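The chains referred to below are lettered A, B, ... by the order of the sequence lines, with proteins before strands, and numbering in each begins at 1. Keep in mind that what you see is a predicted model, and the values were worked out from it rather than measured.
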Protein chains: 2
Amino acid sequence: MEMQNVPYIRMNGGRAEVIKRDAITHIRGQALPADHETYTGILESLDNTIRPRGVGQGALSNAHGDWYEWMLALEAWNTAANNPDADLALLLPNKRRFDLSRLYSPRICGIITDLRNKVLQTGNISFVSSNPDFVILGRSVVDRVIPHLNPINMLSNDAIDTLDNSYLEFADQCSFEEIKGYISVKSSLRPDRRLQIPHEGSLMKAVYVHIQTREWIINPNGIKYYAISTAINDSDIEALNTVATHSITTVSSVPQAAVDQLFAANSPVEARAVFEQILLP
Amino acid sequence: MEMQNVPYIRMNGGRAEVIKRDAITHIRGQALPADHETYTGILESLDNTIRPRGVGQGALSNAHGDWYEWMLALEAWNTAANNPDADLALLLPNKRRFDLSRLYSPRICGIITDLRNKVLQTGNISFVSSNPDFVILGRSVVDRVIPHLNPINMLSNDAIDTLDNSYLEFADQCSFEEIKGYISVKSSLRPDRRLQIPHEGSLMKAVYVHIQTREWIINPNGIKYYAISTAINDSDIEALNTVATHSITTVSSVPQAAVDQLFAANSPVEARAVFEQILLP
DNA sequence: TCGCGCCGGCGCG
DNA sequence: TCGCGCCGGCGCG
């Protein structure tokens, strides 16, 4: 086992812990993922550097999630920076740290709080899903909040902090139509884990329909829910096409998928193609 | 590493594989879980016997799922065997091996197939969830199909085969009211993994409401969805109380939880208390 | 401290 | 063969 100190491993009571942000920036010398690289190849090469230092599989699994999200978030940011009409997909923290409905203006946020309370009072019923990995913000609110979006040219610690924290600037700022959708990201899928995604999509869409009803909005754009992974198969696609159950109880409504589309993105080129499809007007 | 052969490890190209059924029956000498034991204690002692033989954590994680399900299935079986009015909770295989709707009579099964096809045709929309771990069958169909339910007194390979395969006898046999509900079982929970359960519950309940509408059944009992784990906390309970989204779109319907109740069961005594609550009339 | 949301390594048919 | 559904070990605030 390598015993020199490296800045991205922290010893904690005899256990070697990965400092996720420092690991990817230090090992790769702040290099952006290059067009000839694959994301799974990058994850593997980070694993190969780190594993000999006594880091367990659970730590690497945990890190893969953030590393893949950061690499995607970077392409999403640059897509918006390079296209003045593009929407922006931003990373979100977990729901303990930030309640998603706070992105909306206080009026809309209040409707969601009211819905939650009313449903809760009818019998201890809640509205729980994980926070989606990304929110897609309409360009109008982006231009109000971050008028100058500078492209990111290095995967530095500062760049990662920007990708991780910019959502905070949008608190209270979004109108109903300015949250365009969400993206769920998984570096790999399993038949059980993938079902977390339609659960999230189904719930977000039901809340959206509720706001629409309460605000009597006649022809809204709808909310989009996307998913991205490094590799997908037909079973994954079918599972994510599962119906949003609020849309099938009555004959009058058209059945709607919980997840609008699942994309494979295992390289910067593929990621840019995805974001150009879902962020450009 | 222990190198004697044991009958519950299979070498497969240099990798030690656990034969799950043989491991629990052989190591425990077919003993039933005793009232003074905990399920997590039993899992731990099985781990401690098996791990030194070079079996990895992934294999043990996989085995924990089946071992815990078998120990619960045994108590459910005996609850029905010892109470002539009790419903029966039976293990189900995965959805590739058995399409759940086939438990219903062909008429009801046809309605579900029809729903799936119609929704599919409106835009490649599907109805995917994992099969629940258990189905709860009403005593009337149990009495028709297995008139003599013998208690299980040993955790033998034969007993496990009975627990695993008895569902097959109920194919085509259940009326609409004779499938009382489902149970999802997890030996441990995580904030992401637990959300697979409301997804399943929400989907099953939406399908149930659809059948009810199509068959114009005025006051059905409803379908119950339960969950069981060895240990639960308040966040788990709240997450599983998430609303079934089909029930909140219109003002007219009462919001309904996707999962009716989450139970902790870490011993035979606790498991019997759970099954007596949900299986006895 | 612990809640969050991450994901790989399984046994089996 | 591969699809299914299993679950522990994380880094972080």
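- For B:D158 and B:S156, the side-chain atoms include no donor-acceptor pair closer than 3.5 Å.
- One finds no salt bridge joining B:R194 and B:E238 here, because no Lys/Arg side-chain nitrogen approaches an Asp/Glu carboxylate oxygen to under 4.0 Å.
- At distances below 3.5 Å, not a single donor-acceptor pair connects side-chain atoms of A:T245 with backbone N or O atoms of B:L203.
- Checking B:H64 against B:D47 by side-chain atom types alone, a donor-acceptor pair falls below 3.5 Å.
- For the residue pair A:T40 and A:E44, no side-chain donor N or O sits within less than 3.5 Å of a side-chain acceptor on the partner.
- Ring centroids of A:Y167 and A:F98 are separated by less than 6.0 Å, placing the two rings close together.
- The nearest whole Å value for the distance from the CZ atom in B:R10 to the C1' atom in C:dC10 is 12 Å.
- Going from atom CG of A:D99 over to atom C1' of D:dG13 covers 17 Å, rounded to whole Å.
- One can place CD1 of A:I24 at 13 Å from P of D:dC12, the figure rounded to the nearest angstrom.
- Under the rule for a side chain to side chain donor-acceptor pair (under 3.5 Å), the partners of B:K20 that lie at least two apart in sequence or sit in another chain are B:N62, B:D66.
- A rotation axis mapping the C1' atoms of four pairs onto the next four is fitted at both ends of the helix from C:dC2-D:dG13 to C:dG13-D:dC2 over five pairs, and the angle between these axes is 20° to 10 degrees.
- Close to D:dG11, at under 4.0 Å from its OP1 or OP2, lies a side-chain N or O of A:R15.
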Nucleotide-resolved protein contact map, nucleotides 1-8 of chain C, B/S/- at heavy-atom distance under 4.0 Å:
--SBBBBB

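- Side-chain contact of A:K224 with A:Q261: a donor-acceptor pair under 3.5 Å is absent, judged by distance alone.
- Distance B:F98 CZ to C:dC12 C1': 18 Å, rounded to the nearest Å.
- Atom CG of A:N12 is separated from atom P of D:dG11 by 9 Å (rounded to the nearest Å).
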